Structures are given as structure tokens and as C-alpha cells.
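First comes the structure, then the notes that go with it.
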Amino acid sequence: MATAPYNYSYIFKYIIIGDMGVGKSCLLHQFTEKKFMADCPHTIGVEFGTRIIEVSGQKIKLQIWDTAGQERFRAVTRSYYRGAAGALMVYDITRRSTYNHLSSWLTDARNLTNPNTVIILIGNKADLEAQRDVTYEEAKQFAEENGGFMLKVNIKMGENVEDAFLEAAKKIYQNIQDGSLDLNAAESGVQHKPSAPQGGRLTSEPQPQREGCGC
Amino acid sequence: MAEGTGEVVAVPASGAANGLNNGIGGTSTPSNNPLSRKLHKILETRLDNDKEMLEALKALSTFFVENSLRTRRNLRGDIERRSLAINEEFVGIFKEVKEELKSISEDVQAMSNCCQDMTNRLQAAKEQTQDLIVKTTKLQSESQRVEIRAQVADAFLSKFQPIPNYIHNQYMSFLKPKNAVFISEDFFKALGRVKQIHNDVKVLLRTNQQTAGLEIMEQMALLQETAYERLYRWAQSECRTLTQESCDISPVLTQAMVALQDRPVLYKYTLDEFGTARRSTVVRGFIDALTRGGPGGTPRPIEMHSHDPLRYVGDMLAWLHQATASEKEHLEALLKHVTAQGVEESIQEVVGHITEGVCRPLKVRIEQVIVAEPGAVLLYKISNLLKFYHHTVSGIVGNSATTLLTTVEEMHLLSKKIFFSGLSLHTSKLMDKVELPPPDLGPSSALNQTLMLLREVLASHDSSVVPLDARQADFVQVLSCVLDPLLQMCTVSASNLGTADMATFMVNSLYMMKTTLALFEFTDKRLEMLQFQIEAHLDTLINEQASYVLTRIGLSYIYNTVQQHKPEQGALANMPNLDSVTLKATMVQFDRYLSAPDNMLMPQLNFLLSATVKEQIVRQSTELVCRAYGEVYAAVMNPINEYKDPENILHRSPHQVQTLLS
């Protein structure tokens, strides 16, 4: 039936973070509208987009919160990390400064999300290879040194964007599948809503905004 | 027989006859001689071609076997006898034939009679069936008419009756008691059909079939009402179950909303039901987020951060922003196929209703934060944050007056009010206990503190997320709330000082304000005003400094006298204290000033905070001194004033003086 897209099994909340001008809003727009948007205006506070994808036969709704990169919005954007199942940390491969700031973004992400949040590093603007300022190896090393989160450093507009979002979703889904049991053990003594389907912390991630806060 | 043939041949062949005649007689003409004609005839006869002759001869040969005289004499008789016998035989045979024919004729007669009889009987039968046939024909045409009617009736029924089987079940279920409602695809097909019939029936009403039309219409209306009521109850109970955090709108429910849009009241009630269910879900979610946090405590409950007002308020509002966005999505999913007008409005309205529940807990908490007076700067930041979220959330729920927006706006106004009242309190305290200016005539500690506060407020505004025009309006208010009392305070506290002290103090205070404001946007007007006031006090200082110098070197009295001197008073040289001796003594002092002008500065000038300002005062006051000397010089050099040997008295020209001083 035509309404099929609304029958999803999970909602995953994503957050996109990174310095200003690295192309976060473009990524979101590319993913949700499948169009490249030149001259994105600066994001004010946060913006929001959704798309339904399919992972292992399960329909998953991605609710993506695109944050402003400007420093003056930090206080506001920090409030949106709560209960994010995935964090896309973006830098611009042609600007080293955006890469240098990654560690502060990572700190924020680690402090403000839960331990199971999937963090993906995205090196954006790979189409500007001639102006590359940060090598793939460097970024890889950074990822390994900081706990081996997932790495995706060759995003060209329209090419690998899809992959980045999908892979994060796969990883989260995988965590739900195999992680729920020992998560329960680790969290014994923690209050759970009886109706929460799998009880695990990860299960809650898909609906972090309500379940995460609202079990 | 031979003669007949001969005559036929006689006319042609004259050539040959001529030839023959020539041979025999020579003089006689062929046609006149009968013998020759006969002869010719015989000669002309071709026996082999004359079949009759051949036949005759052949028959003759059968009985004329003996060519004798007797037989030749008897030939005729023989032939006649034979002819007689043959004729007799003939007669006998024909008699038989005649008998035969007679019997045939009798048979035919009998047949004819028989036929006649049949014809008569048929005629009679025909006469008898005539009636029947007429009747049959009539019946046939009747049956045809009836058949057409049947077709029409069929068409009518298929048009106006919910016939198909799958529909029939639903059709029956419309009328079943209210338990066990199950709504499926078929239900909507049946409902669609009923609706279509109801519409089609209107055509009937325009024809003569009004009774049928009315009846069908009534029936369909009844069915529709039952169906809608059933659907409504189902949708209502379905909506009531949508209290999960993730709200999965089923396709059937979406379809139900499409169907229900024809009954605005039911449609609205269903939406209300949905709103109420979601509303309590959101409230529960909010309270859980506040007090419990995520499962396992990560993320931590929002109230854990209540010691950090900005984060506390920010987290709550961010949570609500996200919840509002999600609820709007749910509604859009629910109503995506609804075609009625004003869907967008009703979505906004319902989102407003859904978020209404969280307003109270939100309000209570934010009020607590605000009323606790966390300090002007924090209050200001909170106020800006609230404004930002008002803007952000209105992007989702539109500008309709939803309670959430109203609450956020109220909180914004409250925080702003408390902020300004805090500021006013602070500044009015300044006025309550005006301190004397410090001995160094610099800005007072109260001024410094207030400016520090102002700087912090403006800086936090600078980093806020409020749109530009709103920010500008705020700025003007903040500035007038702080700066005006400050200026007043400075003026009051300077009022007991001497002119130079007062001016110095004011210049210093104004200068501090100016440098503080210069860092921020939208302060141009204020800066201009401050600069204006600074300049006014600068003028005072310049005059003070000039007269200070003139007094110290004794030129002041002389200058004043020269200025006020009128020609009828007589020569200047005769005036008291203006004799050449006094002038010479003054010039000694003046020379000392010229050699070290910096020693003749007012002590207050050293207290000036700005070196530029001080320099400006020195320069302009020096110009005044030069001008005064110039006037005195001109007067002394003037012969009317009867100074003897004036070059000896004032041995420096004004030009020299200016060069020395600059």
C-alpha cells in the first residue's frame, strides 16, 4: 500500500557536528533531498530532516539533526546530543583547522551522548582533491587513536553520502541485534520501562528523543 | 422422291447444262426440254448423300430378294401389305399406351382431389389458428419489452446496490452490533461504493423515479452513517493506543482519516483523540527526560543540570523542540492523504494541543530558574535562549497561538522583565549612595563595576542567537537602562568639585563608558552622544588650563584690562599696573613659561586617562595663551597707548611665541 514507508520498525536519531562551513547542511540536504545544494546558508541553531532507509530488511526512520557549526551556537547545539544513536562528525579535507578541531567535537560527543552512540568521521569535499590539506592516513590514525570509531573520509557530494548514513544505521542495528543482552547485564539495577521492547540501552537509541528520555 | 430432289437442283448449274446442250443439240434451250430436265435431275442426284433414299433402298433390299418380273409387279402390293401390317402393329401398341395414359390420368385426378382436399383442410386450419398467431405475436413483443426492462433494472441495481460479495459482507457488518469492529481494505471499498451510490442517486431524483431515488438515498445515508460511526469508533480506539514513544501510524488509520474527512465533526474528534493520546505521551516523555534520563541513566536526566540554569533551560527547550518536530511528523503521516482544505492548519492546531501538556511543567521549572535570580548576565542569556526557541519552535508549529509558544514567550518576557528590573535595581543603588570621586579623579569603583556588568551583558548578547533587529531593540533598552543612570550618577558625584576637577572626572568617566561601548554593535548613537559630552567638558578644561597659565605668569590681569580698555580711558601706559615696569616683570615670568611650558600644567590634567585627550587640551590651551599674548602685544605696540620703546618691553613677537610653544 502507498502508506508503506511509514511502517518503520525503528527510529534512529542522528546528529551532525563539526566546524562551520564543512558542509554539514549540504550532507543532510544531499541525503534527504538527493540534491546538491550550492551556497547553503549558515545554519541557525539546529535544523532537521528525515528519511526512511532499509537495513537488513527492516525499515528504519532516520531523524537527523543538523547543528550549527558556529561557536556562538554551541550552547544551543549541545542540548541536541542527548540520546543520539549516531553522530556524524564532519571535517573539510581542504581545511586543516576543521580537522584540528575534531578532538574537541569528539569530546563533546563522548560527554554528551551515551557510550554506545556510533560516531562516524566524515572527511567532506573529497571532490576538491587538488586542494586536499588532510590526508586519509592522518584521519585514519586519528580514528584509531581515539577508539576506532568508524571512518568515512572520502565523501564527494552525491557519491558516498548515502553510504555514510547507511553504514551508521547498519552499525547501530547490529548493536541492537547482538548488544542487547550484555547491555542488560551491564546495566543491571537501572530502571527500565517494562514496556520497552528489549530493555537494552541500545534499543532505546532508536527512539531516544522520547524513549530515551521518556521510558 | 427422286423428282423432288431433282427440282431442287434444277435452277443452278446452267454452265454445265450449257455445255451439255452444246454437245447434244446445239440449238435447243435446256429449260424447255422436260426430258433433259429430268435427266439433269437424275444426274444431279447424289445417292450417297440421300439418307432417305439409302434407307428406303436398304429396307427394300430385305424383302425384295428375287428380282423377277413377278416380284417386280407385285412390288407395290408387297410394299402396301407391309405398310398395312406395320400400321396395324402401330395401332396395337398405341392402344396399350393409351390405356396406360388413361390410368395415369386417373391417378393424377385422384392426386388432384387429394390436394384439393388438403388445401381445404389447411385453409380451415389457418382460419382456426389465426387467432392464436395474433396472440403469440402480441406476447412476443411483450416479452421483448419485458426483457429490456429487466436489463434496465439490472443496470439500475448494479448502479445503486452494493452488490459484490466482498462488499456484501462489509455491507452486512455495517449493520452488525457494535462489538468486534475490524476495519479492513474491504470496508473502505464498501464505504466508497455506498458513497458513490449516494451521489449517483441524485441523478435519479431529477427523473421521474423519485420514490426509488429517495428510498435508495435514505438507505445509503443510513449505511453511510452507520459506517462512519463504526469507522470513527475504530479510529478513536486506534488513536487511544498510540501512546508509544515511537508512534507508528498504520496505513489503515491513514485511510480512515481520508474517509472521515467527509464528516468534519468525526474527523475533528478523531484528531482530538489522537492529540490527547500524544499529549499525554509527550508529557510522560518530558517528565521522564527530566527526572530519569535515558535508559540506564544515559543521557543523564535533565534535572541533573539544574544547577547550570542555562544548560537546564536549554536542554528542556531542545527536548521540546525535538518532540514537537516528531509530533508534527506523526501528524503529517496521519493526514498525508487527506485532501480537505486546511490540513496544515489542523496539523498546527493539533501539534499545539499535543504540546500544551508540557507547558505547565516547563513553565514551573523555568520560572523557578528565573525567580532565583541567577544574575543579570545569566538572566539575559536565558532570555535570549527563550527567544531563540520561540523562533525555532514557531518554525514548526507556525505562528498560531499555541500554548507552548505562548508559554515560551511568557517566560521570555518574564526573564527579560526580571533582567531589566535587576539592572534597574543595580543602577538605582548607584544613585542611592553616590560616592565622592576618588582622589585621582578616575572612574569610581561603582562605575567600573557597572561597566563590567554592561560589558558582560552586551558580550552575551553578541553571542546570542537572536535575529539582528530584535537584538538592536534590546540593545537600545539595555543601554538606556544602564548608561543614563550612570551618567546621572557621575554628574551628581562630580557636582561638589571645582570646575577643573569636575571636568577631569567627567571626561575620565565618559571616556571609560565610550571605550566600553565601542566594542559592540548598535552603539553608534550612544558613542556620538558620549563624544559630544566629552567635548563639552574638554572645552572647560582647555579654558581652565589657559587661564591657569595666564594667571600664573601674571598676564591674566593685563590681558583682561587690555580687552576691556576703551580709547576714552586714555593711554594704556597710564593705567594702573600696566606701566612698562610691570609689563617687563611679567615678561620675565612669561619667558620662564616659554622655556618650560610643561611645568605650567594644571595638576588635574595628569589624572586624565587618555593621553590623546590630554594632548588636545594642552595644544588648544596653548593656542589660547598665544592669542592672548598676541592681543596684549598689539595693544602695547599701538602708539595710541603711549608706551615708550615698546620693542624693549615686549621683545618677542607673537609669531616667535607661537613657534616656541608649538
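A quick note: this is a predicted structure, and the numbers were derived from the prediction, not measured. Numbered from 1 within each chain, the chains take letters A, B, ... in sequence-line order.
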### Message
Tell me whether the rings of Y389(B) and Y80(A) are parallel (<30°), tilted (30 to 60°) or perpendicular (>60°).
### Response
parallel

### Query
Taking the side chain as C-beta and beyond, is there a heavy-atom pair between Q322(B) and K13(A) under 4.5 Å?
yes

#### Entry: I396(B) portion near chain A, given a 4.5 angstrom heavy-atom threshold
neither

### Message
Can you tell me if H305(B) has over 12 outside heavy atoms packed within less than 6.0 Å of its NE2?
### Response
yes

### Message
Is there a side-chain contact between H321(B) and W65(A) in this structure, where contact means two heavy atoms from C-beta onward sitting under 4.5 Å apart?
### Response
yes

#### Entry: Q63(A) versus S326(B), closest heavy-atom pair with distance
NE2-OG, 2.6 Å

### Query
Which bit of T77(A) comes within less than 4.5 Å of chain B, counting heavy atoms only: side chain, backbone, both or neither?
neither

### Message
Within the supplied structure, the quantity of interest is the number of heavy atoms (other residues, nucleotides, ligands) at a distance under 6.0 Å from R360(B) CZ; does it exceed 12?
### Response
no

### Atom pair CZ (F48(A)) and OG1 (T392(B)), whose distance is rounded to the nearest 0.5 Å
13.5 Å

### Message
Keeping R82(A) on the side-chain end and R300(B) on the backbone end, is there a donor-acceptor pair under 3.5 Å?
### Response
yes

### Summary
Heavy-atom nearest pair, G45(A) first then F388(B), reads CA-CZ, 3.4 Å

### Query
Of the non-hydrogen atoms in A318(B) and S79(A), which two are nearest, and what is the gap between them?
CB-CB, 3.3 Å

